[in-house]
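Written out below as structure tokens is the structure these notes cover.
Computed from a prediction, not measured in an experiment: that's the story for all the values here.
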Amino acid sequence: MDLINSQLILIEKIKSLIKKSKAKGLPIFKIGTFYFAPFGDSKGYAKLIFEQNKLKGLILTLEIFLKDIYKILFLGKFKMIRNSNSGKYKNIIVNWASSKDFDTNGNYQDKHFYINSKKILDTLWILILIDSKVPKRIANNIALIINEKKRLNFKFLWEVIKKSFKGKNVSSFYHEASYLTIVADYFYNHLDQFIDKNNQKILMPYEGQPFQNAIFKKVHNINRKIKTIGFIHSFPIGLPLNLIKRDGAPKKIIVSSESQFYCLNNFLGWKEKDIQILPSTRLRVSKKIDMSGKIFLPIKFESSKKIIENLNILVKNLKINLSNVKIKNHPSCTQSRKHLKLVRKIEYILKSTNRNKIKKNLSIFIGATGSVIEALERKVQIIHICENPILESYSKKLWKFIQVQKINNYIYKYNVLKRNKLIKFGNNVNLYKKYL
């Protein structure tokens with residue numbers, strides 16, 4: 001079976017699973033088992049691997065289940081920090097934040113919209129802190145969600161066990177014993193305090209994560225008149241099963257290209273009227289962004305051996321000169337031993353290759369990443385090494401405006417068929433107004 005048909009069959013299998021599970025009464029909007037991101041440590045990802053290789057999928061399912069139990073045992077208490085509950089806000093924006101995103105007055109600089117929270121005072125910003133350093137001050141129009149210091153804690157696990165016994169269903173424990181599910185439960189159960197009759201819209205970057213669907217689902221339950229909007233903040237990976245429309249999805253989704261519109265509308269269950277195309281707020285027109293002459297490592301990879309084998313094929317068999325290429329480790333993995341070891345192995349290959357300079361506009365991307373498409377639209381020649389091509393590689397069938405040349409089962413070369421069809425780069429400082 002060819003790659004494209006394998007991708008289409010997997011899409012239909014996941015759609016069918018979602019439909020059947022909802023019919024059984026499962027709250028699929030908040031359960032981590034139904035987060036089918038083709039990367040990361042989720043039970044949904046394990047299910048995708050199971051569909052490809054049953055033994056490997058079962059082993060991964062057990063591994064992720066045990067990791068979830070560990071995370072739950074060391075999950076700190078959720079806490080909300082807010083100066084006042086009296087404000088009346090027209091809009092709500094939900095996003096992630098780190099302590100360095102706040103100024104000394106407690107205002108938040110949003111990296112997606114390139115806007116400071118003090119500029120939109122009619123908007124409540126619900127921010128999920130991703131590091132442990134809590135800002136000393138936060139502005140009045142900010143609600144900060146933090147997870148307190150982690151230490152051994154049986155509270156969450158005990159709650160999961162009690163809930164599972166009430167359901168009298170063995171599979172209930174498997175679904176509920178999930179870090180993703182617990183986070184989604186928190187937002188679903190505590191969102192009421194943020195919603196009032198003044199709210200008109202709620203907007204957030206959307207990846208199909210359980211907590212995001214739980215927020216939208218709760219808003220729909222509280223007040224159907226509130227307009228819920230999700231936006232795709234970076235280009236999805238080759239097979240974006242996490243974006244299949246399911247219970248808890250926003251009423252409207254904003255994409256940044258005709259290519260994304262085509263994929264969501266034709267394959268992922270979104271109706272044409274529910275999708276809007278706007279230039280990207282995060283990916284901007286800029287001559288300063290240089291994505292050429294580099295090897296980009298992913299946030300997660302399985303086999304360094306497979307990666308090195310395919311890099312060697314490029315160098316030795318295809319005579320592609322990599323002597324002048326720079327290795328770009330993923331910014332989240334600068335301390336990862338696994339990544340640093342891979343960097344050293346790649347450096348060895350680069351030292352042994354032809355010393356003539358590489359053409360500056362060629363880059364190699366490894367694994368699941370949407371940055372492939374950003375670089376392609378920035379006129380960089382792209383080679384994509386995939387560990388799992390069904391989940392990671394792009395195809396003209398799904399994305400329409402991309403041309404794909406298969407080099408071998410794991411290496412693909414891409415070209416743009418029409419410029420600005422894959423990504424419309426943003427070029428307006430007030431673009432956030434169109435999103436709202």
Side-chain angles (χ1 to χ4, degrees), residues 37-42 45-46 49 53 56 59-60 63-64 66-67 70 98 100 130-131 234-235 237-238 288-376 378 380-394 406-414:
F39 50 83
D41 288 331
S42 73
Y45 173 67
I49 299 302
N53 183 317
K56 188 175 179 181
I59 293 171
L60 184 60
E63 180 184 319
I64 290 174
L66 293 175
K67 282 183 178 179
Y70 180 83
S98 64
K100 63 183 179 182
I130 59 175
D131 58 18
S234 59
F235 201 93
I237 70 166
K288 295 179 181 180
I289 297 174
D290 182 10
M291 300 182 75
S292 63
K294 299 176 178 68
I295 296 176
F296 290 89
L297 303 190
I299 192 169
K300 183 178 179 180
F301 63 90
E302 183 179 335
S303 170
S304 61
K305 181 181 178 182
K306 187 181 290 184
I307 293 168
I308 296 302
E309 283 176 354
N310 283 284
L311 276 173
N312 274 318
I313 287 171
L314 294 177
V315 172
K316 295 177 181 178
N317 296 12
L318 302 180
K319 307 299 181 184
I320 293 178
N321 184 357
L322 302 179
S323 60
N324 205 39
V325 166
K326 294 180 180 179
I327 304 168
K328 297 288 290 183
N329 194 359
H330 194 281
S332 301
C333 304
T334 55
Q335 304 301 315
S336 164
R337 292 183 181 179
K338 186 178 180 181
H339 282 73
L340 295 175
K341 189 175 180 180
L342 178 58
V343 168
R344 289 193 294 271
K345 289 180 178 180
I346 295 174
E347 285 174 341
Y348 180 80
I349 294 176
L350 301 188
K351 288 177 183 177
S352 63
T353 191
N354 191 309
R355 299 309 301 171
N356 295 326
K357 286 190 176 181
I358 190 174
K359 290 181 181 179
K360 188 183 177 184
N361 67 338
L362 172 67
S363 282
I364 296 170
F365 287 81
I366 298 169
T369 173
S371 297
V372 169
I373 305 300
E374 180 187 352
L376 201 57
R378 295 192 188 278
V380 180
Q381 294 181 32
I382 299 299
I383 291 176
H384 189 193
I385 297 176
C386 303
E387 287 193 278
N388 190 328
I390 292 175
L391 301 182
E392 298 168 5
S393 68
Y394 292 89
K406 180 180 176 181
I407 295 175
N408 69 14
N409 288 334
Y410 301 99
I411 306 175
Y412 299 84
K413 187 175 182 181
Y414 303 129

- Inspect the surroundings of NZ in Lys413 and state if more than 12 heavy atoms from other residues, nucleotides or ligands are less than 6.0 Å away. no
- Name of the residue among Ile320, Leu322, Val372, Ile327 meeting side chain to side chain contact (heavy atoms under 4.5 Å, CB included) with Ile364: Leu322
- Check whether any side-chain heavy atom of Ile49 sits under 4.5 Å from a side-chain heavy atom of Asn388, and report yes or no. yes
- Query: Between Ile313, Ile308, Leu311, which is the residue that forms a side chain to side chain contact (heavy atoms under 4.5 Å, CB included) with Ile385?
  - Reply: Leu311
- Item | Shortest non-hydrogen contact between Ile289 and Arg378, atoms and distance | CD1-NH2, 3.3 Å
- Tyr414 vs Tyr394 aromatic rings, parallel, tilted or perpendicular, using cut-offs 30° and 60°? perpendicular
- Quick one: pull up SG in Cys333 and NZ in Lys300 and give me the separation to the nearest 0.5 Å. 11.0 Å
- Message: What I'd like to find out is whether the side chain of Leu314 reaches to under 4.5 Å of the side chain of Asn310, using heavy atoms alone.
- Response: no
- Could you check if a side-chain atom of Ile346 sits within less than 4.5 angstrom of a side-chain atom of Val325, using non-hydrogen atoms only? no
- Are any of the side-chain heavy atoms of Phe301 and Glu387 separated by less than 4.5 Å? yes
- Using the side chain to side chain contact (heavy atoms under 4.5 Å, CB included) rule, take Phe235 and Glu374 through it: C-alpha gap first, then chi angles, then the decisive distance, then the call. CA-CA 7 Å; Phe235 201 93; Glu374 180 187 352; over 6 Å; no
- Starting at CG of Asp41, measure out to NZ of Lys67 and round the result to the nearest 0.5 Å. 4.0 Å
- Task: For Leu342 and Ser304, work out which heavy atoms get closest and say how close.
- Result: CD1-CB, 3.9 Å
- Message: Is the distance between the ring centroids of His330 and Phe296 under 6.0 Å?
- Response: no
- Item | Side chains of Gln381 and Ser363 in contact at under 4.5 Å (non-hydrogen atoms) | no
- Message: How long is the straight-line distance from CD1 of Ile237 back to CD1 of Ile373, given to the nearest 0.5 Å?
- Response: 11.5 Å
- Message: Counting C-beta onward and ignoring hydrogens, is there a side-chain heavy-atom pair between Ser332 and Ile299 closer than 4.5 Å?
- Response: yes
- Provide the closest heavy-atom pair for Ala46 versus Leu60 in the form atom of the first, atom of the second, distance. CA-CD2, 3.9 Å
- Message: Using side chain to side chain contact (heavy atoms under 4.5 Å, CB included), reason through Phe365 and Lys328 one step at a time and then give a plain yes or no.
- Response: CA-CA 10 Å; Phe365 287 81; Lys328 297 288 290 183; over 6 Å; no
- Across all chains, not counting sequence neighbours, the side-chain contact (heavy atoms from CB on, under 4.5 Å) partners of Ala37 are Tyr35, Phe39, Asn242
- Message: Just so I know, are the side chains of Ile349 and Lys345 near enough to count as touching, which here means a heavy-atom distance under 4.5 Å?
- Response: no
- Task: Step through the shown structure and confirm whether more than 12 heavy atoms of other residues, nucleotides or ligands are within 6.0 Å of CD on Glu63.
- Result: yes
- Task: Of all the heavy-atom pairs spanning His384 and Glu392, show the shortest one and how long it is.
- Result: CE1-O, 3.4 Å
- Scanning both residues in full, the closest heavy-atom pair of Gly40 with Tyr45 reads O-CD2, 3.1 Å
